[in-house]
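Okay, structure first, notes after.
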Amino acid sequence: MSLGTGIVLFVIGAILAFAVHVQVAWVNLQVVGYILMVAGAVGIILGIILIATRRTRSVSESRSFTDPATGERVQRSTTDHRDDPYV
């Protein structure tokens with residue numbers, strides 16, 4: 001469940017719990033609203049925790065080879081940043 005889904009559930013639950021005054025014989029809409037609000041709050045908390053604990057991963061690769069023209073040993077390193085929105 002993402003952060004946006006938690007917010008949507010919380011808002012729908014609040015509307016059902018506090019703004020809708022319709023009596024339905026087979027379900028209590030206020031209780032359903034409170035249940036949706038709790039589910040939305042749990043979703044918001046989990047979404048915040050997942051965003052806070054997300055780590056960026058970097059992959060480093062190192063290669064060494066001998067240049068055929070000069071006979072010198074050459075080492076090349078590359079780094080790839082994954083899950084980084086700015087790269």
Side-chain angles (χ1 to χ4, degrees):
M1 185 182 308
S2 68
L3 186 62
T5 306
I7 293 171
V8 168
L9 282 176
F10 191 84
V11 168
I12 292 172
I15 290 170
L16 286 176
F18 302 120
V20 175
H21 298 291
V22 177
Q23 296 292 329
V24 181
W26 52 276
V27 68
N28 188 350
L29 291 179
Q30 286 183 340
V31 173
V32 171
Y34 289 130
I35 291 171
L36 287 176
M37 285 174 60
V38 169
V42 169
I44 291 169
I45 292 169
L46 286 176
I48 291 171
I49 289 172
L50 289 175
I51 289 172
T53 59
R54 182 181 296 167
R55 296 182 185 169
T56 59
R57 180 178 56 152
S58 62
V59 178
S60 297
E61 181 180 344
S62 179
R63 294 181 186 186
S64 61
F65 56 92
T66 305
D67 187 9
T70 61
E72 293 182 18
R73 186 173 183 165
V74 179
Q75 186 170 359
R76 180 179 295 167
S77 297
T78 58
T79 303
D80 183 19
H81 297 283
R82 301 185 190 242
D83 298 332
D84 192 0
Y86 300 112
V87 175

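Between atom CD1 of residue I49 and atom CD1 of residue I44 there is a gap of 12.0 Å, rounded to the nearest 0.5 Å. How far CD1 of I35 is from CG of N28: 9.0 Å, rounded to the nearest 0.5 Å. Taking CD from Q23 and CG from L29, the interatomic distance works out to 8.0 Å, rounded to the nearest 0.5 Å.
Linking Ile, Leu, Val, Met, Phe, Trp and Tyr residues whenever their side-chain heavy atoms come within less than 4.5 Å leaves V31 and V22 in two separate clusters. Both V8 and L16 are part of a single hydrophobic cluster, where members link through side-chain heavy atoms under 4.5 Å apart. Residue I45 is not grouped with residue I48 when hydrophobic side chains (ILVMFWY) are merged at heavy-atom distances under 4.5 angstrom, including chains of intermediate members.
Between M37 and F10, the closest heavy-atom pair is O-CD1, 3.2 Å.
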